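First comes the structure, then the notes that go with it.
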Amino acid sequence: MIHVVREAFTRHPEAVGENYVEHFGVAMRYSLRLFGAAFAALVHAFLPFLFEKTASTAIKAMHAEMMNRGAPAPAPARIQAAE
């Protein structure tokens, strides 16, 4: 039973090359950045002259970071042409 619980907490972090504590820290930092971007977007909705690019810039930066960290993504499957 303990093995099942431990595996549930470590499977994903290990898949991206981290232990549980490292993954927790990375996820918390992303969470805080997302809250900041969401707040900027909320303010921008009411006052469109404020934070014009803040949320989109933050999201693009986080996406780029996510694509360049952890274990490499699997290569896309290739479709074989019929001969």
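Bear in mind that the values here come from a model prediction, so they are computed numbers and not experimental data. Sequence positions, counted from 1, serve as the residue numbers for this chain. Below, each value reflects all heavy atoms present in this structure, side chains not excepted, and no hydrogens, waters or symmetry copies.
- To the nearest 0.5 Å, atom NE2 of residue H3 and atom CD of residue E7 are 6.0 Å apart.
- Annotation: ring pair (Phe, Tyr, Trp, His ring centres under 6.0 Å) contacts of H44 (sequence neighbours excluded): none.
- With contacts defined as side-chain heavy-atom distances shorter than 4.5 Å, the pair V26/V16 does not qualify.
- Partners of R29 according to the salt bridge (Lys or Arg N to Asp or Glu O under 4.0 Å) rule, which considers only residues two or more places apart in sequence or in another chain, do not exist here.
- Looking at residues two or more places apart in sequence or on another chain, you find a ring pair (Phe, Tyr, Trp, His ring centres under 6.0 Å) between Y20 and F9.
- Tracing side-chain contacts under 4.5 Å through hydrophobic residues (I, L, V, M, F, W, Y), one never reaches V21 starting from L32; they form parts of separate clusters.
- When all heavy atoms of N19 and P13 are compared, the closest pair comes out as O-CB, 3.8 Å.
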Under 3.5 Å, side-chain donor or acceptor atoms of residues 49-56 against the rest of the protein: list the pairs with distances, not counting sequence neighbours.
{"from": "S56", "atom 1": "OG", "to": "K53", "atom 2": "O", "distance (Å)": "3.2"}

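- For L42, the side-chain contact (heavy atoms from CB on, under 4.5 Å) criterion is met by F46, not counting sequence neighbours.
- Applying the side chain to side chain donor-acceptor pair (under 3.5 Å) rule to pairs touching residues 30-43 yields R33-E65, sequence neighbours excluded.
- In this structure, CE in M62 is found 10.5 Å from OG1 in T57, a value given to the nearest 0.5 Å.
- Legend: residues meeting side-chain hydrogen bond (donor to acceptor under 3.5 Å, both in side chains) with E22, ordered by chain and number and at least two apart, are absent.
- A distance of 11.5 Å separates CD in E14 from NE2 in H23, rounded to the nearest 0.5 Å.
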